[in-house]
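Read through the structure below, which is laid out as C-alpha cells, and then see the notes.
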Amino acid sequence: MAAEPRSSLTYRTTGSTCLHPLSELLGIPLDQVNFVACQLFALFAAFWFRLYLSPGKTSPDVRHAFATIFGIYFVIFCFGWYSVHLFVLVLICYGIMVTASIANIHRPLMIVTQKITALAFQIHDGLGKRPEDLSAEQHRLAVKVKPCLLEYLSYLLNFMSVIAGPCNNFKDYIAFIEGRHMHVKLLEVNWKQRGFHSLPHPSPTGAVIHKLCITLVSLLLFLTLTKTFPVTCLVDDWFVHKANFLTRLCYLYIVMQASKPKYYFAWTLADAVNNAAGFGFSGVDKNGNFCWDLLSNLNIWKIETATNFKMYVENWNIQTATWLKCVCYERAPWYPTVLTFILSALWHGVYPGYYFTFLTGILVTLAARAVRNNYRQYFLSSKVLKVVYDVVSWAVTQLAVSYTAAPFVMLAVEPTISLYKSMYFYLHIISLLIILSLPIKPQANTQRQPQILNSVNKKKTD
C-alpha cells in the first residue's frame with residue numbers, strides 16, 4: 001500500500017483548519033500548529049487580561065466569565081467536536097459535586113482530570129474532615145464552600161491553562177481572580193524594614209521575558225537536536241545488534257536528552273502565559289526578589305544536575321507530582337510510593353510504554369533510596385569524597401532516568417522490549433539485587449502519619 005502523502009497527515013485534526021497553509025509551509029502537523037497558535041494568542045490575551053481586567057477595575061464575575069469564554073474557544077479551536085466530551089464530563093462532575101453527600105464527594109469525581117480530583121479532595125478536606133486530621137498544606141488548601149457554576153467553569157476551562165496546564169489549586173486560582181493572590185504573599189514580608197512605606201506591586205514582565213527566552217531556545221533545540229536524534233534510533237539495527245553496550249548507554253542518554261526540549265517548550269510557555277495574566281506569584285526570596293514560580297512545571301537546572309532519582313522526579317512535571325502527592329501519596333495508608341507510580345501510569349493513558357516506565361520507576365526509586373540510606377553517610381566526611389559521590393550519583397541518575405523514561409516516548413511494547421533486551425535489562429536486574437540485598441530503612445514521614453493513623457482508626461470503628 002502506498003504511503004500516505006505528508007500533506008494529508010499534517011491536515012488530520014478535528015479542530016480548526018484555518019492554519020492548514022501554515023502547517024503545510026512549516027511541515028508541522030496541524031494539531032501542533034493549532035496548539036502553539038492558541039498558546040501564543042493566550043500569551044497576548046493574558047497581558048491584556050492583567051492590564052485591562054485587573055481586580056481593581058472589574059468584578060470577579062467578569063474575570064471568571066472572560067477566562068471561561070476564551071478557554072472554551074481555545075478548546076473548540078484545537079479539538080473541534082471532540083471538545084464535547086470534555087464539556088459533558090465537566091458539567092456532569094459539577095452536578096455530582098453539588099448533589100453528592102460530603103462523605104462521598106471525593107469518590108465519583110475521580111473520573112476526570114487533575115483539577116477536578118484535586119478540587120474534590122480539597123472540598124472533602126474542607127467539609128468532611130476535622131482540621132486535626134489534615135496536614136498543614138491540606139488545611140491551607142481545604143475548600144469550605146462549594147464553588148458556584150461560574151467559579152467552577154472558570155477554574156477548569158480558563159484560557160490560561162485549559163490547553164497545556166499547569167494544574168493549580170482552586171483556592172490559589174480564586175485568590176488570583178479576586179485580586180488577593182499577590183497581596184497575601186506580600187503581607188508575609190516586613191516591608192518597612194526594607195524601606196517601603198506601602199506594599200510594592202510586583203510585575204511579571206521580567207519573569208515572562210525570561211521564560212519566553214527559555215521557550216525560544218527549547219524550540220530551536222527541538223527543531224535541530226530532536227530531529228537529529230529521534231527516538232526511533234533506539235530500535236535501529238545498528239543500535240540493537242552492532243553497537244557495544246557502552247555505546248548504547250551513551251547513545252540512549254543523548255536520544256533521551258534530545259526528547260526533552262518539546263516538554264521544556266510546552267511547559268515553560270504555559271507558565272509564561274499564566275504569569276503574563278498575573279497568576280503564579282509565589283512570594284519574595286531571601287534576597288528580596290519577586291518569585292513567579294508558583295505554577296512552574298519544571299526546574300531545568302535541577303533536572304540536569306540531579307544527583308538522585310528523587311531529585312529528578314521532584315523537578316520534572318512539578319505540578320503533576322504535587323497533584324499525585326495531594327490525591328494519593330499523602331492519603332494512601334500503605335505502599336504510597338508504589339500506589340503513586342501506578343496512579344501516575346493510569347492517569348497518563350493506555351499506551352503500554354507508560355506502564356513500563358512507571359513500573360520500572362518503582363524499582364529504581366526503591367533501589368536508589370536503599371543505596372542512599374545505607375551508604376551516603378560514608379561520603380560526607382570530606383569535601384573530596386562528597387564531590388566524588390555527587391559526580392558518580394549524577395552520572396548514575398542520568399543514565400537511570402534515560403533507561404526508565406525511554407518506554408514513555410516509545411509508547412509501544414515491541415520497541416520497548418527490543419531496547420531493554422539490547423540493554424540486557426541491566427537496570428531491572430541491578431535494582432532487584434539492591435532491593436533484595438540491602439536493608440530498607442523506614443522513612444520518617446511525620447506529615448503523613450497523623451492523617452493515616454486517624455484514617456485507619458476511623459475505618460476500624462466504622
Side-chain angles (χ1 to χ4, degrees), residues 221 225-264 303-317 337-338 340-342 344-345 348-372 374-375 389-438:
L221 289 174
L225 190 63
T226 305
K227 293 185 181 296
T228 304
F229 299 99
V231 71
T232 52
C233 293
L234 300 179
V235 292
D236 285 349
D237 182 68
W238 170 82
F239 180 89
V240 175
H241 297 111
K242 298 178 182 178
N244 59 51
F245 181 72
L246 185 60
T247 302
R248 289 173 192 160
L249 274 180
C250 296
Y251 202 73
L252 174 61
Y253 172 73
I254 293 171
V255 170
M256 294 308 297
Q257 286 293 103
S259 70
K260 292 179 184 177
K262 64 179 180 181
Y263 299 103
Y264 291 170
I303 287 171
E304 300 300 343
T305 60
T307 55
N308 59 72
F309 201 77
K310 179 176 181 289
M311 180 180 175
Y312 193 107
V313 171
E314 286 179 346
N315 290 283
W316 175 270
N317 205 354
T337 299
V338 174
T340 300
F341 271 106
I342 292 173
S344 184
H348 274 88
V350 297
Y351 286 110
Y354 298 155
Y355 297 87
F356 276 102
T357 287
F358 290 110
L359 292 176
T360 303
I362 295 172
L363 293 177
V364 176
T365 299
L366 296 177
R369 184 183 297 166
V371 171
R372 183 178 177 85
N374 283 279
Y375 293 109
Y389 176 85
D390 287 342
V391 171
V392 173
S393 297
W394 172 82
V396 171
T397 297
Q398 299 299 322
L399 292 176
V401 169
S402 299
Y403 179 96
T404 303
F408 190 93
V409 295
M410 301 177 82
L411 300 178
V413 173
E414 292 80 3
T416 297
I417 296 298
S418 174
L419 170 67
Y420 279 165
K421 285 176 67 177
S422 72
M423 306 295 290
Y424 310 112
F425 292 91
Y426 84 95
L427 192 58
H428 289 90
I429 295 171
I430 292 174
S431 296
L432 283 172
L433 290 175
I434 290 173
I435 292 170
L436 294 174
S437 60
L438 290 181

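Treat the numbers as computed from the prediction; the structure is a model and nothing was measured.
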Going through the checks in order, is the side-chain contact (heavy atoms from CB on, under 4.5 Å) test met by T365 and K310?
CA-CA 7 Å; T365 299; K310 179 176 181 289; over 6 Å; no
Can you check whether L359 reaches L363 side chain to side chain, under 4.5 Å on heavy atoms?
no
Can we call the ring centroids of Y403 and Y426 under 6.0 Å apart?
yes
Can you give me the closest heavy-atom contact between A306 and W394, atom names plus distance?
O-CD1, 3.4 Å
Interatomic distance, CE@M256 vs CG@L399, rounded to 0.5 Å, equals 12.0 Å
Would a 4.5 Å heavy-atom cut-off, applied to side chains only, mark T226 and P261 as touching?
yes
Roughly how far apart are Q257 CD and L221 CG, rounded to 0.5 Å?
10.5 Å
Do Y253 and R248 make a side-chain contact, defined as non-hydrogen atoms from C-beta onward lying under 4.5 Å apart?
no
Let me see the working for Y251 and C233 under side-chain contact (heavy atoms from CB on, under 4.5 Å), right down to the final yes or no.
CA-CA 9 Å; Y251 202 73; C233 293; 3.6 Å; yes
For F239 and M423 the tightest heavy-atom approach is CZ-SD, 4.3 Å
Go through the side-chain N and O atoms of H348 and Y355 and say whether any donor and acceptor fall under 3.5 Å apart.
no
Are any side-chain N or O atoms of T357 and backbone N or O atoms of F408, one a donor and one an acceptor, separated by less than 3.5 Å?
yes
I'd like to check I303 versus Y264 (side-chain heavy atoms, cut-off strictly below 4.5 Å). Are they in contact?
yes
Nearest heavy-atom contact between P415 and V235 is CB-CG1, 3.5 Å
Kindly give the heavy-atom pair with the smallest separation between L419 and A406, and that separation in Å.
CD2-CB, 3.4 Å
Do the side chain of S431 and the main chain of L427 share a donor and acceptor less than 3.5 angstrom apart?
yes
Gap between atom CD of Q398 and atom OG1 of T305 - 0.5 Å precision
8.0 Å
Kindly indicate, with the supporting measurements, whether the criterion side-chain contact (heavy atoms from CB on, under 4.5 Å) is fulfilled by T360 and Y420.
CA-CA 11 Å; T360 303; Y420 279 165; 4.0 Å; yes
Y263, OH: over 12 other non-hydrogen atoms inside 6.0 angstrom:
yes
Centres of the F309 and Y312 rings: under 6.0 Å?
no
Atom of V413, atom of P352 and distance for their closest heavy-atom approach
CG2-CB, 3.4 Å
Working to the nearest 0.5 angstrom, can you tell me the gap between I254 CD1 and L234 CG?
11.0 Å
Using a distance-only test with no angle check, is there a side-chain donor-acceptor pair under 3.5 angstrom linking T247 and N244?
yes
NZ on K242 to OG on S422, rounded to 0.5 Å
14.5 Å
Inter-residue atom distance S437.OG - L432.CG, 0.5 Å rounding:
10.5 Å
Shortest non-hydrogen contact from K260 toward E304
NZ-OE2, 3.3 Å
With a 4.5 Å limit on heavy-atom distance, are the side chains of Y389 and T307 in contact?
no
Does a side-chain heavy-atom distance below 4.5 Å link F229 with S259?
no
What I'd like to find out is whether the side chain of T397 reaches to under 4.5 Å of the side chain of M311, using heavy atoms alone.
no
Please examine the side chains of I362 and T337, heavy atoms only from C-beta on, and report whether any two atoms are closer than 4.5 Å.
no
For the side-chain contact (heavy atoms from CB on, under 4.5 Å) test, which of L366, N308, I434 pairs with V371?
I434
